There are 4 protein chains.
Amino acid sequence: MRKRIMEKALELIRDSSYKDLTVADVAYEAGTSTSTFYVYFSDIEDVLFACVREADQDLGRIKDVLNQEWSSDNMAAMVSEFVDSYMNIWEQHAVELRIRNQEADQGNLRFLQFRLESTREIIEGLEKKVAEAQPHCKNPLSLALVLFTAMERLAGANFRALAGATRITRKKLNDAIKELWMMLLVKGPCD
Amino acid sequence: MRKRIMEKALELIRDSSYKDLTVADVAYEAGTSTSTFYVYFSDIEDVLFACVREADQDLGRIKDVLNQEWSSDNMAAMVSEFVDSYMNIWEQHAVELRIRNQEADQGNLRFLQFRLESTREIIEGLEKKVAEAQPHCKNPLSLALVLFTAMERLAGANFRALAGATRITRKKLNDAIKELWMMLLVKGPCD
Amino acid sequence: MRKRIMEKALELIRDSSYKDLTVADVAYEAGTSTSTFYVYFSDIEDVLFACVREADQDLGRIKDVLNQEWSSDNMAAMVSEFVDSYMNIWEQHAVELRIRNQEADQGNLRFLQFRLESTREIIEGLEKKVAEAQPHCKNPLSLALVLFTAMERLAGANFRALAGATRITRKKLNDAIKELWMMLLVKGPCD
Amino acid sequence: MRKRIMEKALELIRDSSYKDLTVADVAYEAGTSTSTFYVYFSDIEDVLFACVREADQDLGRIKDVLNQEWSSDNMAAMVSEFVDSYMNIWEQHAVELRIRNQEADQGNLRFLQFRLESTREIIEGLEKKVAEAQPHCKNPLSLALVLFTAMERLAGANFRALAGATRITRKKLNDAIKELWMMLLVKGPCD
DNA sequence: GATGAATGAGAATTCATTCAT
DNA sequence: TATGAATGAATTCTCATTCAT
C-alpha cells in the first residue's frame, strides 16, 4: 500500500501542479482511505520526500562518469557522456527532482538539506575536473557550480518555460551546455 | 489601501513561505478586512502578480547596458556592468522575482507568459552580443540562454541553498559568472 | 450568534455528558455552521469557559451575606441564609459550575485558576467568621475549607450520585450542612 | 498482558488527563498492538473500570476501623485512625479513585453504581457511629454524609486545586477533618 | 493468545468568499 | 470605498474497531 500511495502521488503531480495535491486525492487514486495514508505518511510533504529520496538513488550513477579519468584526449567524450547521463536521469525522474528543487527553493529545510547532500559529491567532482584541467584557475568551485546550476535548471525546465522556446530544442540546449563545459575545461578562463 | 496590501503581502512572504499566505493574513497585516482585500484583488495570486509586475519595471534598466556597444576593448567592463546590474536588481526585488520564477516553474501560465516576455529582450540582446563577438558560433541563442539561466538562478538562490555554501561568497560567484561570459564572448566555443 | 452558541452549548450539556459535546453538534443546534463557531470560540473548552465565566458573576451575590455581621444572636439566621443562597445559585447555574469543578478537578489549569480566584474571597470570608466566633480556634482556614468543600460538592451532586440517595432529601442535606456550620461557629472545636 | 495493559493505562493517566487516553497509546506503552488490547478489554472505559475495581478491594480495609467500638474513651484515637487510614488508601490509589469519582460525577452509570456500593457500607458505618454517640441527633445519615463527602473530596484534591493552597498543608487539613468529626461525635449538633 | 494491516466514520479546522450596510 | 458578520465547502486528521493469519 505504501508503495502504491507513492506511485499514485507522483502520477497525480505529473498531471497537475502539486500545490493542490490533497491527501484525499492521493488516497482515492490509490484506492484506499485517508486513514491508510496516515498510517504510512504524516502528510503530503512526507510522501513527496519519500519519492524524492527514492529517485535520488538513481542519481548515484552519475558519479561513475566523474570517477573516470577526464584527459584532454577523451574530454569531449566524457563531457558528452556526463551531460547526457545527467539529462537522462532527470528525464526519468523529472517529477521528483522538480519537486526537490521547488521545495528547496522555497526554503523547505528538509529538502534543502537533502539536495545539498545529494549534489555535493557531484559538484565537488566537477570542481576537481576543472582544477585538474585548468591548474591556474582561481576558483574552480564557483565556475563548476555556475555551470552545474545551469545544467540542472535546464534539465528540469519545462520547455514551455524557456524563452523563445520555439527556436530551441533539447538537443541544441544540451550541445550548448557541453560546449560551455568544454570551453571551461579546455580553454580555461580568460586570465 | 491597494498599495498597502501589496506591500504587506510582500513583507509576509519575506518572512515565511508564500505557499501558506492567506487572504486573512494579508488583510490583517494591512490593518483591514478581507472584504476590502477583495475590493482590489481577486485572490492571493492576483496580488502577487501585481507585485511581480511592478518589480518588473525596474528590470527594464538592464536593457540599457545591452543597448551599448560591447567591443573587445570594453568587453570586460560591459560584462561586469551587466552582471552587476542584473544582480543588483535581483537583490532589490528578490521576493518578487523569486515568486515569478517559482510560479512559472510550477507551470502557472500567467507567470510563465510574463517571464517569457520579461526575459525575451534580455536573452535576445545577449544572443546578439555572442553572435557579434563570435560570428562563427553556431547557436548563440542556446549558449546565451544557458549562461543567463545560471545567472538568474544563482541571483535568486538563497545562499543556504548552495552546495558547499560555506566556501562560496556572492562575490566569487559573480566573478565566476563574469568569467564564463568572457570565455564565451572572447574565446568562443571550442570549434 | 456568540450568545446563541453559548446557550445551546449549555442546553446540550444539560441533556447529556459534555465529554462528547462536539463543535458540530453545538453549531447545528444553534442553527449555524462550524465555521461560525470558530469565529467566536477556539474550541469547545473555550465556549464552556465563557459560560462558566458568565455564571460566575452571579456568585458575587453570596459575598453580601458574608459582609454582614454574624453575631451569636443572628448566627442561625445568617448561616441559614448563607447556605440557602449558595445552594440557590448552584441550582441556577448547576451546569456551568459542575463543568468548572470537573475541569478543575481534571487538572485543567484555566479552570483551576478561575475556581481559585472565584472561591478565594468566599473561603476567606468564612475563615474570618470562624475566627471571630471562635477566637481560640487554631486553624479556622482549614475548618472553613473542609465545610465549604462539602457544601460545594453536595450542591453540585447529582442526587443519583449520593449514597443511599433514597433516604436523603435536598432539605435534609442542607439542614445537615447548616448544623455543621453552627456546631463549628457556636460550639467550636473540641479543645 | 492484561495486567500489563492495566498498569500502563494507569501510568499514562498519572501523567496527563485521562480524557484523551487512546487505545493506541495504551497498547503502545504496553508494548503491544491495539488488537491485543481488544482481546482483553472492550474499550478504554473498560480498562479503567477494571483498575477502579481492583483499587476498591483495598478500600475494604477501612471497614475494620468501623467495626471496632468507638467509645468516648477512645473516640479521638479511633477518629484519627479512621481519617488517616482513609487518606492513606486514597494516596495509594489516587489515580483510580479520582477516575471513579470523575466518571461517577459525570453521570457514568457503571461507575456511579460502583461508587454507591463501595461507599454505602462506610457511610452507614459512620451513620451508626454518629447515632450511637449522639442518640438525640435527628439525621445522623445526612451529617455523616456531609463530612464523608468533604473528606473524600479533599483526599482526592490535587493540592494545587485548593484555595489559598499556600497556607494549607495536608496535615492541617486532616486535622481539621478530625476536629469536625470529633465535634459531631462528642459535642453533637446544636439542639 | 497475539498481531499486522487496513479502514469507516466522524471530528476539528481552515479559508476563500459573499453580502448587506 | 470600506467592512462586519457569516458561511460553504473542503481538507486534514484521529481513533476505535475489524479481520485474516
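Predicted model only: the values in this text are computed from it and were never measured. These values consider heavy atoms only, across backbone and side chains, with no hydrogens, waters or symmetry-generated copies.
Taking a cutoff of 4.0 Å between a charged side-chain nitrogen and a carboxylate oxygen, A/K8 and A/E11 qualify as a salt bridge. Remark: C/R98 does not engage C/E103 in a salt bridge, criterion side-chain N to carboxylate O under 4.0 Å. Using a 4.0 Å cut-off between charged nitrogen and carboxylate oxygen, C/E54 and C/K3 count as a salt-bridge pair.
Taking atom CD1 of residue C/I5 and atom C1' of nucleotide F/dT7, one finds them 12 Å apart after rounding to whole Å. In this structure, NZ of A/K19 is placed 15 Å from P of F/dT11, rounded to the nearest angstrom. As rounded to whole Å, 17 Å separates atom P of E/dG1 from atom CZ of D/R4. In this structure, B/F37 places its CZ atom 15 Å from C1' of E/dT18, rounding to the nearest Å. Here the P atom of nucleotide F/dC15 and the CG atom of D/D46 are 19 Å apart, to the nearest Å. Separating the OH atom of A/Y28 from the P atom of F/dT11 is a distance of 14 Å, rounded to the nearest angstrom. One atom, CZ of C/R2, and another, C1' of F/dA5, lie 14 Å apart when rounded to the nearest Å. We find that CZ of D/F41 is positioned 13 Å from P of E/dG1, with the value rounded to whole Å.
Consecutive Watson-Crick or G-U pairs involving DNA chain F, each under 3.5 Å on both distances, make up stems of three or more pairs at E:2-21 with F:2-21.
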Using the rule given for side-chain contact (heavy atoms from CB on, under 4.5 Å), can you reason through C/S118 versus C/R100, listing the C-alpha separation, both sets of side-chain angles and the distance that settles it, and then say yes or no?
CA-CA 11 Å; C/S118 164; C/R100 187 198 69 181; 3.5 Å; yes
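At most 12 non-hydrogen atoms from other residues, nucleotides or ligands lie less than 6.0 angstrom from OH of B/Y28.
Among residues at least two apart or in separate chains, salt bridge (Lys or Arg N to Asp or Glu O under 4.0 Å) pairs with a member in residues 23-49 of chain D are D/E45-D/R110, D/D46-D/R110.
Among the candidates D/V52, D/D105, D/D56, the single residue satisfying the side-chain contact (heavy atoms from CB on, under 4.5 Å) test with D/R115 is D/D105. Partner of A/E96 under the side-chain contact (heavy atoms from CB on, under 4.5 Å) criterion, out of A/L48, A/L10, A/L59: A/L10 alone.
Both C/M1 and B/T32 lie close to DNA chain F; mapped to their nearest nucleotides by heavy-atom distance, the more 5′-ward contact belongs to B/T32.
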Using a cut-off of under 3.5 Å, enumerate the N/O to N/O pairs linking the protein to nucleotides 11-14 of chain E.
from	atom 1	to	atom 2	distance (Å)
E/dA12	OP2	C/V23	N	3.0
E/dT13	OP2	C/Y38	OH	3.0
E/dT13	O4	C/T34	OG1	3.3

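Distances from the side chain of D/T36 to the nucleotides F/dT7, F/dG4, E/dT3 place E/dT3 closest.
Taking the six-membered ring for Trp and the full ring otherwise, the centers of C/F49 and C/F114 sit less than 6.0 Å from each other.
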